[in-house]
Amino acid sequence: MSSQTVKSQHSDEIRQGGRFDFGANWHRFLAGVTEAHIQNAVGSMQEMLDTDTLEGCDFLDVGSGSGLSSLAARRMGARVHSFDYDPVSVASTRNMREKFAPGDANWTISEGSILDETFVAALPQADVVYSWGVLHHTGQMYRAFDLVYPRVKPGGRLFIAIYHDTGSSARRWRKVKKFYCSGPFGRWTVMALFAPREFILPFLRDLMKLQNPLRRYKEFHQKRGMTRFHDWIDWIGGYPYEFAKPEQIFNHFKNCGFDLLNMKLTKHNACNQFVFRRRRSDPHTI
């Protein structure tokens, strides 16, 4: 699939209400990124991968978004290749590189879809394949799983985050997200309904408890280097939207030749995180 075809398909999906404009959100986020955000992103990755360094490793960032996680991997010493389906996200990743790692020859960036079999097959295998909160936004999550895992080297690690299946709640949120993406009326209606619960009520509760109401927003970047507002917009509008129970993720990748190394689970409408290692004796090994 050519770059021009990807751009055309992507813009059509947004215009027709079938996809959230992730790239625009990450472009806005990029303007406020500081060294503190980067260090928190590094710390989060080190915690989940259980290592302080990725020196000598190849790192594939599937759906790079703002480019913050790719930058964190570079700070840990990895050779990084980032790609995204969203052209504005690709531009944001490139801007992140130019801002914090100008001229870095060990960080390459391309545009493509994880659902494009030809594009994905041409990508080199990596010691760490990373896809945080991306594969459930493809509209074909399990197909994306089966295209992403062969990019992991035998003995390498796969680090993914997938929305938790909370039953009827997750299915209601899918309808909300679809309505948000339907156009300006849907977008502003959803924001008007849910912004008070997310921002105004917690602000008032903090005041009543004589706590600093701005602290929860200032300290939010300690969570993977994100900001509260941009993370919320990503959540409220993120469509397509799929989800799975932890055991479904575990069983799927076990059958693909992976063993679970680490996980961080939630009971809420948020992402469960998994780190798997690909077995060296896996019959699927390329």
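The first residue of the sequence shown is numbered 1, and numbering continues consecutively from there. The figures here come from the full heavy-atom set of this structure, side chains too, leaving out hydrogens, waters and symmetry mates. Since the model is a prediction, treat every value here as computed from it, not as a measurement.
By the 30° and 60° cut-offs, the orientation of the rings of Phe22 relative to His137 is tilted. Ring geometry for Phe145 against Phe253 counts as tilted: the plane angle lies between 30° and 60°, on a 0 to 90° scale.
Summarising the geometry, atom OG belonging to Ser92 is positioned 10.0 Å from atom CZ belonging to Arg28; distances are rounded to the nearest 0.5 Å. Leu147 contributes atom CG, which lies 6.5 Å from atom CG of Leu115 (distance to the nearest 0.5 angstrom). Note that OG1 of Thr34 and CD of Gln39 are 9.5 Å apart. Values are rounded to the nearest 0.5 Å. How far NE2 of His252 is from CG of Asp146: 4.0 Å, rounded to the nearest 0.5 Å. With rounding to the nearest 0.5 angstrom, the CE atom of Met45 is 6.5 Å from the CZ atom of Phe159. Going from atom CD of Glu242 over to atom CD of Gln140 covers 8.0 Å, rounded to the nearest 0.5 Å.
When all heavy atoms of Thr166 and Lys267 are compared, the closest pair comes out as CG2-O, 3.9 Å. Closest approach of Lys177 to Gly238, counting heavy atoms only: CD-O, 3.1 Å. In plain terms, the two heavy atoms of Asp259 and Arg279 that are nearest each other are OD1-NE, 3.1 Å. Closest heavy-atom contact between Gly237 and Tyr180: CA-CD2, 3.6 Å. The shortest non-hydrogen separation linking Asp84 to Val90 is O-CG2, 3.5 Å. For the pair Ser69 and Tyr130, the tightest heavy-atom approach, listed with the atom from each and the gap, is OG-OH, 2.9 Å.
Under a hydrophobic-cluster definition in which Ile, Leu, Val, Met, Phe, Trp and Tyr are linked whenever side-chain heavy atoms come within less than 4.5 Å, directly or via other members, Val62 and Val88 are assigned to different clusters. Hydrophobic cluster membership differs between Trp188 and Ile14, with clusters built from Ile, Leu, Val, Met, Phe, Trp and Tyr side chains linked at under 4.5 angstrom.
The closest side-chain donor-acceptor pair between Tyr85 and Gln9 falls under 3.5 angstrom. The closest side-chain donor-acceptor pair between Ser64 and Ser82, if any, does not fall under 3.5 angstrom.
The shortest distance between side-chain heavy atoms of Arg74 and Val42 does not fall below 4.5 Å. At a threshold of 4.5 Å between non-hydrogen side-chain atoms, the residues His10 and Pro87 count as touching. The shortest distance between side-chain heavy atoms of Met141 and Tyr163 does not fall below 4.5 Å. Side-chain atoms of Leu158 and Phe274, non-hydrogen and from C-beta on, never get closer than 4.5 Å to each other. Contact annotation: the side chain of Leu30 never approaches that of Ser66 to less than 4.5 Å [non-hydrogen atoms, C-beta and beyond]. Using a 4.5 Å heavy-atom cutoff, the side chains of Tyr241 and Trp235 are in contact. Asp86 places none of its side-chain heavy atoms less than 4.5 Å from the side chain of Arg19. Looking at heavy atoms from C-beta onward, Lys153 lies out of side-chain contact with Arg280 at the 4.5 angstrom threshold.
Residues Phe83 and Phe119 bring their aromatic ring centres within 6.0 Å.
Counting non-hydrogen atoms of other residues, nucleotides and ligands closer than 6.0 Å to NZ of Lys99 gives a total above 12.
In this structure, Gln273 contributes its side chain and Ala161 its backbone to no donor-acceptor pair below 3.5 Å. Of the possible polar contacts, one joining the Arg277 side chain to the Gly155 backbone as a donor-acceptor pair under 3.5 Å is found. Remark: the backbone N or O of Ile38 is not paired with any side-chain donor or acceptor of Arg75 at under 3.5 angstrom. Of the possible polar contacts, none joining the Ser44 side chain to the Asn40 backbone as a donor-acceptor pair under 3.5 Å is found. Side-chain atoms of Asp127 come within 3.5 Å of backbone N or O of Asp58 as a donor-acceptor pair. In terms of modelled atom types and a separation under 3.5 Å, the side chain of Ser182 and the main chain of Phe179 share a donor-acceptor contact. A donor-acceptor contact shorter than 3.5 Å links the side chain of Arg157 to the backbone of Leu49. Side chain of Arg79 to main chain of Gly56: a donor-acceptor pair is present (N/O by atom type, distance under 3.5 Å, no hydrogens or angles). The backbone N or O of Thr266 lies less than 3.5 Å from a partner atom in the side chain of Asn272, making a donor-acceptor pair. Under a 3.5 Å cut-off, the side chain of Thr51 and the backbone N or O of Gln46 do not form any donor-acceptor pair.
Checked for salt-bridge contact, Glu111 and Arg94 miss the test: no charged N lies under 4.0 Å from a carboxylate O. Here Arg15 does not pair with Asp21 in a salt bridge; the nearest charged N to carboxylate O distance is not below 4.0 Å.
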Yes or no on side-chain contact (heavy atoms from CB on, under 4.5 Å) for Trp107 and Asp61, after CA distance, side-chain angles and deciding distance?
CA-CA 11 Å; Trp107 182 359; Asp61 190 353; over 6 Å; no
Show your reasoning for whether side-chain contact (heavy atoms from CB on, under 4.5 Å) applies to Trp26 and Asn95.
CA-CA 11 Å; Trp26 295 134; Asn95 288 338; over 6 Å; no
Does the pair Trp132 and Met48 meet the rule for a side-chain contact (heavy atoms from CB on, under 4.5 Å), with working shown?
CA-CA 12 Å; Trp132 211 105; Met48 285 301 296; over 6 Å; no
Intermediate values then yes/no, salt bridge (charged side-chain N to carboxylate O under 4.0 Å, His left out), Glu117 and Arg143
CA-CA 10 Å; Glu117 294 185 35; Arg143 180 166 176 255; 3.2 Å; yes
Run the numbers on Phe29 and Leu68 for side-chain contact (heavy atoms from CB on, under 4.5 Å), then give the verdict.
CA-CA 10 Å; Phe29 165 73; Leu68 181 60; 3.9 Å; yes
